[in-house]
Amino acid sequence: MRAFDSSLPIDAVLADLTESLRARPNAVLVAPPGAGKTTRVPLVLLDEPWVQGKKLILLEPRRLAARAAADRMARTLGEAVGETVGLRVRLGSKISCKTRIEVVTEGVFARMILDDPSLEGVAAVLFDEFHERSLDADLGLALALDAQGGLREDLRLLVMSATLDGARVAGLLGGSPVIESEGRAYPVETLYLGRDPNRRIDEQVADAVTRALRAETGSVLVFLPGQGEIRRVETLLRERVTDPAIDIAPLYGALERGEQDLAVSPAKPGRRKVVLATSIAETSLTIEGVRVVIDSGLARVPVFEPDIGLTRLETVRVSRAAADQRRGRAGRTEPGVCYRLWEEAATGALEAFARPEVLSADLAPLLLDCAAWGVTDPASLAFLDKPPKPAVKEARALLQQLQALDDEGRITETGRRLRDLPLPPRLGRMVLIAGESGQARDAADLAAVLVERGLGGDVVDLSERVERFRRDRSKRAEDMRRMAEGWAKAAASSANGEKHSSGALLTLAYPDRLAKARGKPGEYLMANGRGAALEPHDRLAKEPYLAIAEISGGAASARVLAAAPIAPDEIEAFLGDKIEQRQEVTFDRQARALRARAVRRYGAIALNERPLRVPETEEAARALATGLVSLGIDGLPFSKALAQWRERVMFLRKAEGEEWPDLSDEALVATAEEWFAPHLVGKAGINDIGADLLSEALRSLLPWNLQRRLDAEAPTHFEVPTGSEIPVDYGSEEGPVLAVRVQELFGLDKHPTIAAGRVPLVLHLLSPAHRPIQITRDLPGFWRGSWAAVRADMRGQYPKHPWPEDPLTAPPTRRAKPRGT
DNA sequence: CTCTCCCT
């Protein structure tokens with residue numbers, strides 16, 4: 001076997017590995033960071049008999065990692081990259097006829113195997129850092145296994161991983177052996193600082209940083225979930241850290257290249273650094289001099305929501321594997337220390353590994369690649385985790401809408417052209433169709449600022465971002481301009497059409513996100529039915545229509561991140577075939593009336609409308625009925641008599657049972673279409689509805705055979721001994737109430753009842769001045785009992801009224817005693 | 001808890 005100058009932990013297992021791969025085509029190698037697998041394994045395998053003049057392909061998840069691996073291997077051989085060891089990444093390749101090991105990024109490999117499924121001239125594919133479980137790595141492995149199953153039984157596949165549970169992937173590889181290696185790292189002491197849920201994470205992190213700067217030597221690397229937290233911690237630290245020998249450097253993806261380099265470079269002699277980073281610093285890059293890691297334990301991850309076809313960000317607890325990876329950054333060059341912002345006991349509750357990308361990503365690109373491979377259902381390929389069905393369904397629907405797939409899910413000619421463009425399918429379609437009218441370059445520049453975060457600044461207005469991008473002289477902008485030029489060339493036709501706005505072009509990619517201004521400034525409604533908002537002072541906030549490309553946040557607080565204005569005539573030109581003309585009748589709660597309109601509608605958006613007369617249909621009547629009752633039964637024009645009638649019926653329902661109709665608020669709301677709507681045909685609103693109409697509608701609920709019983713058993717009035725007809729109050733909680741001056745009841749020896757004698761009236765006995773004296777359900781008992789005391793009390797107060805000793809024999813009266821008696 | 005990371 002090939003000899004190396006220095007020894008690495010991986011050397012101990014290299015013999016096992018080569019022996020295994022001679023015997024069977026697939027193997028899994030589990031080796032922690034520092035083992036040396038990336039640089040040693042490909043060089044050792046190169047001398048194996050089964051390679052025989054063929055090539056090895058090594059997959060790396062990032063360009064940075066690919067370049068570093070190629071560099072290190074070439075240096076081991078005393079060569080430059082591009083000789084025995086080559087490199088193939090999106091921007092630029094270094095390959096020659098001498099090249100035997102190609103180091104490629106995972107995305108490049110997916111493209112290679114799709115273009116050449118038999119992988120001609122390739123002896124083995126080595127998947128490095130497979131534990132990161134990127135979509136491209138999962139897809140690449142699935143396709144390679146498929147190729148191995150049919151076209152290339154001799155192809156060798158080696159999956160290398162730092163923290164994977166090896167058994168699962170070995171199963172996927174047909175029960176291949178798992179070879180394990182030791183790693184090499186310096187010890188890192190772990191301190192658990194805990195987390196106070198009542199304080200902001202930013203402040204607790206800042207506290208931990210100041211504490212670490214006092215207690216430890218060396219530079220500090222802080223892991224935070226995102227840009228917002230990084231900026232807030234930075235502000236806190238600039239206030240608190242007064243030592244001029246300490247530099248604070250943020251580090252995240254959208255940052256300018258120069259600032260990133262500043263953060264990654266070692267601290268200057270005699271100085272210390274505090275690097276505030278996202279998970280960008282978790283793998284691959286090493287910052288010299290870091291011996292303290294502070295881990296917030298949080299990460300921001302994308303979550304695709306199939307229902308709305310949108311990717312949203314979520315802040316989550318990191319996995320145990322990621323937390324260990326973060327801690328390991330403190331022990332790269334010397335022993336270190338890691339402060340964790342959670343309780344030690346909480347570590348066990350963390351997920352073991354991060355969610356593989358395939359489980360939460362937008363699967364449209366994957367589905368298109370599968371279709372290009374000839375597979376309409378990705379579940380038929382060997383994925384370690386099956387692509388989830390809802391996301392597959394959404395991806396298929398989108399690709400069919402873009403005409404990239406046919407009804408059976410097979411790739412179309414348009415689909416092939418889309419796949420040739422290295423863009424997400426929506427943006428690819430925009431560039432292709434714009435190309436048909438000679439605007440490929442405008443569309444490509446738009447796609448560029450959408451694909452590359454931070455390019456052209458972060459103003460919402462995409463036209464402005466494109467202008468800035470075109471003037472930008474940075475390396476990144478130059479690279480992207482060259483790429484955009486390539487996309488445009490692939491899509492261009494000789495046609496020279498009318499020039500359209502950025503907004504119009506964007507509807508080619510995001511037809512479902514056309515938005516119309518709502519009442520309040522900055523608030524919009526999108527065609528997909530969801531709301532989105534701009535800052536009210538944003539220049540775009542005055543626009544009546546926006547073509548939105550990106551939004552953030554949950555359903556309640558979606559914010560517009562990237563958009564361009566679009567004119568009504570462009571909406572007609574670009575989306576005209578999907579605009580529907582409809583007659584709509586809606587209930588206006590404010591006016592308590594129906595409004596009928598002829599509406600031209602695109603999805604959830606009403607583009608324009610004109611008022612119509614309310615149609616005299618049953619459907620309109622139903623809408624009015626349910627609309628009016630939804631505002632409350634009390635709001636209907638009840639006469640006093642009708643209100644009492646309703647209470648009487650309800651009283652009998654309670655007293656006698658459900659043969660009596662239910663007239664409660666809930667029941668009337670629920671059945672409005674039956675009792676109310678038939679009376680509302682031809683009516684437009686509350687002003688057309690009088691007490692008589694309501695009475696007729698409600699009284700129709702009472703069957704005719706019950707109407708006579710109603711009068712008999714729940715009379716509107718009760719006749720007392722004086723002959724007075726006193727109204728009964730059926731609305732009272734305590735039961736039907738008869739409020740009557742006590743003198744009018746003289747002579748009555750039985751308690752008054754209703755409901756065929758079953759229900760006693762609640763008697764409110766009143767003084768001559770209509771003040772309440774007593775409440776009783778037993779009048780004879782009252783005469784016998786309390787009357788004497790009442791009489792004694794009242795006689796003084798009302799001397800002119802009769803207070804006889806025996807009320808049963810006294811004549812009832814409405815008046816005071818006749819003068820002189 | 002107001003946009004993570006990477007790639008064709």
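Protein chains get the first letters and strands the later ones, always in sequence-line order, with residue 1 at the start of each.
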Non-neighbouring partners of A/K55 that pass side chain to side chain donor-acceptor pair (under 3.5 Å), sequence neighbours left out
A/E102
Hits for side chain to side chain donor-acceptor pair (under 3.5 Å) against A/D512, two or more places apart or cross-chain, chain-then-number order -> A/R426
Residue mapping more 5' on DNA chain B - nearest nucleotide basis, A/E357 or A/I551:
A/I551
Within residues 441-457 of chain A, which residues have any heavy atom lying less than 4.0 Å from an atom of DNA chain B?
A/R453
Does anything in residues 293-306 of chain A come within less than 4.0 Å of DNA chain B? Heavy atoms only, and list the residues if so.
A/R300, A/P302
Which residue pairs satisfy the salt bridge (Lys or Arg N to Asp or Glu O under 4.0 Å) criterion with at least one member in residues 458-467 of chain A, sequence neighbours excluded?
A/D461-A/R539, A/E464-A/R468, A/E464-A/R539, A/E467-A/R470
Separation of A/F109 atom CZ from B/dC6 atom C1', in whole Å?
18 Å
Hey, does the side chain of [X] come within less than 4.0 Å of [N]'s phosphate (OP1/OP2), counting only N and O?
| X | N | answer |
| --- | --- | --- |
| A/T315 | B/dC1 | no |
| A/Q227 | B/dT2 | no |
| A/T278 | B/dT4 | no |
| A/R63 | B/dT8 | yes |
| A/T105 | B/dT8 | yes |

Using the salt bridge (Lys or Arg N to Asp or Glu O under 4.0 Å) criterion, which residues pair with [X]? Sequence neighbours excluded.
| X | result |
| --- | --- |
| A/R63 | none |
| A/R200 | A/D202 |
| A/E234 | A/R231, A/R238 |
| A/D472 | none |

